[in-house]
Undergrad: 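Please see the structure below; I have some questions.
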Amino acid sequence: MNENIAEKIIDKIFVNVFDQHCTLNTIDILEKYAFDLKLPKKVYDSTTNEETWADSINSGRYVTLANMEKKDSSSGWMLEYRDINGLEDLLNIWNKINLMTTERVYDSIDVSRSDTIYRCEKVFHSTGCSDSKNLVFCDSCGNSEYLLASQRTGHSSFCIRCDDSVNCSNSYNVICSNKIINSLFIQDCFDLYECMFCSHIASKKYCIANMQFEEEEYFNIKKMIINWILNS
């Protein structure tokens, strides 16, 4: 998994959500759409000085999961017994072996710049995700595919900035909602299809700001809103 593949995934998501191709690179996408997500930070393996990615950067000393396992299978992590002449001696020994494990990726393939990933495929710069594929800049998402800049969301696909939601698809900026399809800027809603700027409503379509619109007028306004999103 690299930036080129990530950009292809992003482009496919953009086409499904906005019906337009993405013209931004991963750095621009991170700054515009994932600026407020808690994502792994770049640090360096203390044993090899190679670049790695960690959820937590409080330790100051790191080792990749691969390098930790390599040492475990060769020389192991046990130390020879030595006398302890005070707390300082003990803390110095502890400091040598107390390395934060990074890039913890389990039963997954094509994962990069990520930490704590379980049973996933094609994940880029994400954390805490499971049973998903084609994720970019995501935090704590599960049972989903083609998500971008989303967090704490499950059973969803082709969404951008989908937070704390389930069963959503082809939508942008969805918060705390369920069963949202082809919609933009939705909060605390259920069972919406083709709605925008709606909150606290259920089982509606072609609504804007909680007001009912005719289908043709709705789509004319939607084109304007998408243009605003992509060019703001």
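For the numbers below, each heavy atom of this structure counts, side chains included, while hydrogens, waters and symmetry mates do not.
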Undergrad: What residue pairs, at least two apart or across chains, pass salt bridge (Lys or Arg N to Asp or Glu O under 4.0 Å) with a residue in residues 218-229?
TA: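 Of all non-adjacent pairs touching residues 218-229, those that pass salt bridge (Lys or Arg N to Asp or Glu O under 4.0 Å) are Glu194-Lys222.
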
Undergrad: Taking only residues two or more places apart in sequence, or in another chain, which ones meet Glu3 in a salt bridge (Lys or Arg N to Asp or Glu O under 4.0 Å)?
TA: Arg113

Undergrad: Among all residues two or more places apart in sequence or in another chain, which pass the side-chain contact (heavy atoms from CB on, under 4.5 Å) test with Leu230?
TA: Phe14, Phe18, Gln20, Tyr33, Ile226

Undergrad: Do any pairs count as a salt bridge (Lys or Arg N to Asp or Glu O under 4.0 Å) and have a residue in residues 169-187, sequence neighbours left out, and if so which ones?
TA: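 Of all non-adjacent pairs touching residues 169-187, those that pass salt bridge (Lys or Arg N to Asp or Glu O under 4.0 Å) are Lys179-Asp191.
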
Undergrad: Excluding sequence neighbours, so at least two apart, what forms ring pair (Phe, Tyr, Trp, His ring centres under 6.0 Å) with Phe137?
TA: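 Only Phe124, His125 meet the ring pair (Phe, Tyr, Trp, His ring centres under 6.0 Å) criterion with Phe137.
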
Undergrad: Can you name the residues that form a salt bridge (Lys or Arg N to Asp or Glu O under 4.0 Å) with Arg152, not counting sequence neighbours?
TA: Asp164

Undergrad: Please list, chain by chain and in numerical order, all residues satisfying salt bridge (Lys or Arg N to Asp or Glu O under 4.0 Å) with Asp45, sequence neighbours excluded.
TA: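 Listed in chain order: nothing, the list is empty.
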
Undergrad: Does anything in residues 22-37 pair up under salt bridge (Lys or Arg N to Asp or Glu O under 4.0 Å), and if so which pairs, sequence neighbours excluded?
TA: Asp36-Arg161

Undergrad: Each residue besides Val166 in its hydrophobic cluster should be listed here, by chain and number; the cluster joins Ile, Leu, Val, Met, Phe, Trp and Tyr at side-chain heavy-atom distances under 4.5 Å.
TA: none

Undergrad: With sequence neighbours left out, which residue pairs that include part of residues 14-23 fulfil the salt bridge (Lys or Arg N to Asp or Glu O under 4.0 Å) condition?
TA: none

Undergrad: Asp11: what forms a side-chain contact (heavy atoms from CB on, under 4.5 Å) with it, not counting sequence neighbours?
TA: Val15, His21, Cys22

Undergrad: Taking only residues two or more places apart in sequence, or in another chain, which ones meet Lys41 in a salt bridge (Lys or Arg N to Asp or Glu O under 4.0 Å)?
TA: none

